[in-house]
Amino acid sequence: VGRYARDGASVWLRTGAGTWSIEASFLSAPAGAAVAMSGDGSYVLAGDGMHVRTGATWSLMAGGFSSSYRAALDGAGTRALTQEVLGGTVTVWGRSGSTWTIIGNLSAGTGSSLSISTGGDRAIVGALGDPTGLAVIYRIGALGDSCTRTSDCVTGVCTDGVCCNA
């Protein structure tokens with residue numbers, strides 16, 4: 001849950017019937033910044049920081065996400081989408097162990113919204129205010145993932161059934 005008009009974001013934990021308490025707070029998220037949580041509740045992307053929960057302890061895993069406008073995480077916290085400004089490029093991030101890297105970019109269009117599938121292999125990017133209801137679904141295969149066409153890969157290159165750079 002993000003905080004409005006104050007820096008930071010908080011994770012709330014339901015501890016009983018109707019009882020909620022703050023489990024963790026992250027100051028890496030400026031007021032109004034995007035926040036997202038993985039489906040398993042172990043990862044939180046808040047502002048420019050990725051936080052991970054180990055047991056009952058939360059810690060900063062990585063920074064530099066620039067997710068000031070929109071953010072999304074897959075179910076297991078292995079893929080993330082960020083968008084820095086309205087209508088800007090959507091950046092696709094991948095996690096290997098504790099390391100996050102940019103694996104590609106998606107064209108966003110004007111005023112987009114975004115979401116990622118639970119499995120992390122599909123993203124939807126929609127244009128707000130578009131009278132046609134335009135939305136594009138991407139298969140977001142990273143380097144080395146299997147593919148059948150170039151649109152399956154964030155790099156835009158599918159050679160011999162594998163996403164690659166060239």
Side-chain angles (χ1 to χ4, degrees), residues 1-3 7-13 23-55 57-128 135-147 150-158 163-165:
V1 176
R3 295 182 188 168
D7 286 348
S10 297
V11 174
W12 291 78
L13 177 66
E23 181 179 58
S25 292
F26 314 114
L27 296 179
S28 64
V35 294
M37 179 179 270
S38 63
D40 65 2
S42 295
Y43 297 89
V44 169
L45 178 55
D48 70 350
M50 181 68 70
H51 305 269
V52 62
R53 180 176 48 81
T54 306
T57 303
W58 285 91
S59 58
L60 179 65
M61 177 184 225
F65 284 84
S66 298
S67 63
S68 59
Y69 189 69
R70 297 192 193 282
L73 273 170
D74 71 350
T78 57
R79 295 270 170 94
L81 305 176
T82 61
Q83 185 180 34
E84 196 168 344
V85 297
L86 176 66
T89 299
V90 174
T91 302
V92 181
W93 299 80
R95 178 177 61 85
S96 178
S98 62
T99 303
W100 286 88
T101 56
I102 295 173
I103 60 173
N105 294 295
L106 306 176
S107 189
T110 304
S112 64
S113 56
L114 57 94
S115 186
I116 191 169
S117 65
T118 301
D121 63 342
R122 299 275 190 276
I124 187 167
V125 179
L128 297 176
V136 179
I137 298 173
Y138 296 90
R139 181 174 181 277
I140 52 175
L143 290 175
D145 286 356
S146 63
C147 58
T150 59
S151 62
D152 289 345
C153 308
V154 293
T155 59
V157 180
C158 175
C163 293
C164 58
N165 282 328

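Since the structure is predicted, the reported quantities are computational estimates derived from the model, not experimental observations.
For the residue pair G77 and S38, the shortest heavy atom distance occurs at N-CB, 3.7 Å. Between A80 and L73, the closest heavy-atom pair is CB-CD2, 3.7 Å. Nearest heavy-atom pair, C163 versus S146, reported as atom, atom and distance to 0.1 Å: SG-O, 4.4 Å.
Proximity of W58 to V44: side-chain heavy atoms (C-beta onward) are separated by under 4.5 Å at one or more points. L45 is not listed as a side-chain neighbour of V35, based on a closest heavy-atom distance of 4.5 Å or more. Between R53 and E23 the shortest side-chain heavy-atom distance falls below 4.5 Å. Residues R95 and Y43 form a side-chain contact, since some pair of their non-hydrogen atoms from C-beta on lies under 4.5 Å apart.
Cysteines C158 and C147 are disulfide-linked, with SG atoms closer than 2.5 angstrom.
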Applying side chain to side chain contact (heavy atoms under 4.5 Å, CB included) to V92 and L81, what does each step give before you reach the verdict?
CA-CA 5 Å; V92 181; L81 305 176; 3.8 Å; yes
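Distance check: T78 OG1 to W100 CH2 gives 6.5 Å after rounding to the nearest 0.5 Å. Here I103 contributes atom CD1 and S96 contributes atom OG; the two are 11.0 Å apart, rounded to the nearest 0.5 Å.
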